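Everything quoted here is computed from the prediction, not taken from an experiment.
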Amino acid sequence: MTRQEGPRGRRVAGSTSLLALGLALQFSVALALPRLCAAQEFHVDRRAENLVRFISRASIEEFEGVTERIDGYVRLDAATLTPGTAGGATEIWLEVDLASLDTGIGLRDRHMRDRYLETAKYPYATFRGTVVRSEADPAGAYRVTARGTLSIHGVARPRDLTCRVEPRSPGYRALCAFEVLLSDHQIEIPRVMFLKLANEISLELDFVVTPAGPPNGDAR
């Protein structure tokens, strides 16, 4: 009887251990599932009236260039933007087609694209980063700061972008404004052009993002 009970006892103990392990795994998945399901990805809505504008204010001439060709996505660690939304689970990627910038004068456009921006070699300006701060304002919008890398003319620089983000149905409208030094991105301007093209350029982004699909952990 002792030898028979021994194996049965071991089998019972093994079954109990497997059951405990299974319950622990289920509990772990249950804890993780709400966060995974809460993740949401938004894509730039290219059908919206998006606008990217740069403004050059030089000594004897001020002009601007515009394009509607901005693309990208925003991945949040929550189903919606909230005060405090931040962390490594967030991700932002924005891409602007520099070859489509239009200043209203064809010759200036060609010089800007071919000689300065070299868009045949570096066609896009990009920003990749994460949300580090989100604050609500009384008007119902958010002040969102993203920290990452801005790449222009093949040169990447660390950059913080702060944008006003307005909820809309569905998704959000983002408005960002910041300054860029052409010299930081190794964009050389001939001396004769210094009076007409400023080294410091003002950039403005106005774009809409909409949900990529139902909230889940596998949006991409």
Side-chain angles (χ1 to χ4, degrees), residues 34-36 38-46 48-57 64-98 101 124-185 187 198-212 215 217 219-220:
R35 184 170 182 82
L36 289 174
Q40 176 67 68
E41 184 170 306
F42 299 82
H43 288 180
V44 172
D45 185 352
R46 288 180 291 180
E49 295 183 358
N50 303 315
L51 183 66
V52 176
R53 184 197 318 272
F54 82 83
I55 304 171
S56 170
R57 299 182 176 92
E64 66 179 43
V66 297
T67 180
E68 300 175 353
R69 301 183 71 172
I70 180 172
D71 201 358
Y73 65 85
V74 178
R75 182 175 174 83
L76 299 179
D77 60 357
T80 60
L81 186 64
T82 59
T85 300
T90 66
E91 186 179 5
I92 296 176
W93 169 264
L94 296 174
E95 179 180 272
V96 176
D97 181 3
L98 298 179
L101 284 172
Y124 300 106
T126 64
F127 176 80
R128 181 189 294 275
T130 60
V131 175
V132 294
R133 186 166 54 255
S134 173
E135 303 170 339
D137 68 20
Y142 296 90
R143 181 180 174 84
V144 177
T145 300
R147 178 164 297 158
T149 302
L150 178 67
S151 296
I152 303 175
H153 196 241
V155 178
R157 298 291 186 191
R159 186 76 201 211
D160 283 7
L161 298 186
T162 299
C163 306
R164 176 181 171 84
V165 179
E166 304 171 350
R168 53 179 289 164
S169 183
Y172 300 91
R173 178 189 180 192
L175 300 100
C176 318
F178 56 101
E179 308 298 320
V180 172
L181 294 180
L182 298 183
S183 56
D184 280 350
H185 296 274
I187 299 174
N199 183 45
E200 184 177 83
I201 301 295
S202 299
L203 284 178
E204 299 174 359
L205 311 180
D206 182 351
F207 61 97
V208 172
V209 296
T210 53
R220 284 197 301 161

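- Remark: R128 engages E91 in a side-chain hydrogen bond (donor to acceptor under 3.5 Å, both in side chains) (not counting sequence neighbours).
- Side-chain N or O atoms of T162 include none that pairs as donor or acceptor with a backbone N or O of T145 at under 3.5 Å.
- The list of salt bridge (charged side-chain N to carboxylate O under 4.0 Å, His left out) pairs with a residue in residues 198-208, not counting sequence neighbours, reads R53-E204, R173-D206.
- Considering every non-hydrogen atom in both S183 and N199, the closest pair reads N-OD1, 2.9 Å.
- The shortest non-hydrogen separation linking A156 to T149 is CB-CG2, 3.4 Å.
- For T126, there are no side-chain hydrogen bond (donor to acceptor under 3.5 Å, both in side chains) partners two or more places apart in sequence or in a different chain.
- In this structure, the side chains of V44 and E95 stay at 4.5 Å or more apart for every pair of heavy atoms.
- In this structure, CD1 on I152 lies 8.0 Å from CG on L182, to the nearest 0.5 angstrom.
- When all heavy atoms of P170 and T210 are compared, the closest pair comes out as O-CG2, 3.5 Å.
- Interatomic distance, CG of D45 versus CZ of R168, reported as 7.5 Å (0.5 Å rounding).
- By the salt bridge (Lys or Arg N to Asp or Glu O under 4.0 Å) test, D160 pairs with R147, sequence neighbours left out.
- Of the inter-residue distances, the one linking T130 atom OG1 with I92 atom CD1 reads 7.5 Å to the nearest 0.5 angstrom.
- Among residues two or more places apart in sequence or in another chain, the side chain to side chain contact (heavy atoms under 4.5 Å, CB included) test is passed with D97 by R69, A99, S100, Y124.
- Partners of E49 according to the side-chain hydrogen bond (donor to acceptor under 3.5 Å, both in side chains) rule, which considers only residues two or more places apart in sequence or in another chain, do not exist here.
- Taking every heavy atom of both residues into account, R57 and A198 meet most closely at O-CB, 3.5 Å.
- Annotation: ring-ring contact (aromatic ring centres under 6.0 Å, His included) contacts involving residues 127-164, sequence neighbours excluded, comprise Y122-H153.
- Residue F178 holds its CZ atom at 5.5 Å from CG of L150, rounded to the nearest 0.5 Å.
- Contact between H185 and V155 at its shortest, heavy atoms only, is ND1-O, 2.9 Å.
- The shortest side-chain heavy-atom distance between V74 and L76 falls under the 4.5 Å cut-off.
- Every salt bridge (Lys or Arg N to Asp or Glu O under 4.0 Å) that R164 has, sequence neighbours left out, goes to D137, E166.
- Listed by chain and residue number, D71 satisfy the salt bridge (Lys or Arg N to Asp or Glu O under 4.0 Å) test with R46 (two or more places apart in sequence, or in another chain).
- F207 has its side chain within reach of L94: a pair of non-hydrogen atoms, C-beta onward, lies under 4.5 Å apart.
- For S151, the side-chain hydrogen bond (donor to acceptor under 3.5 Å, both in side chains) criterion is met by no residue, not counting sequence neighbours.
- Applying the disulfide bond (SG atoms under 2.5 Å apart) test to every pair with at least one member in residues 136-171, sequence neighbours left out, gives these pairs: C163-C176.
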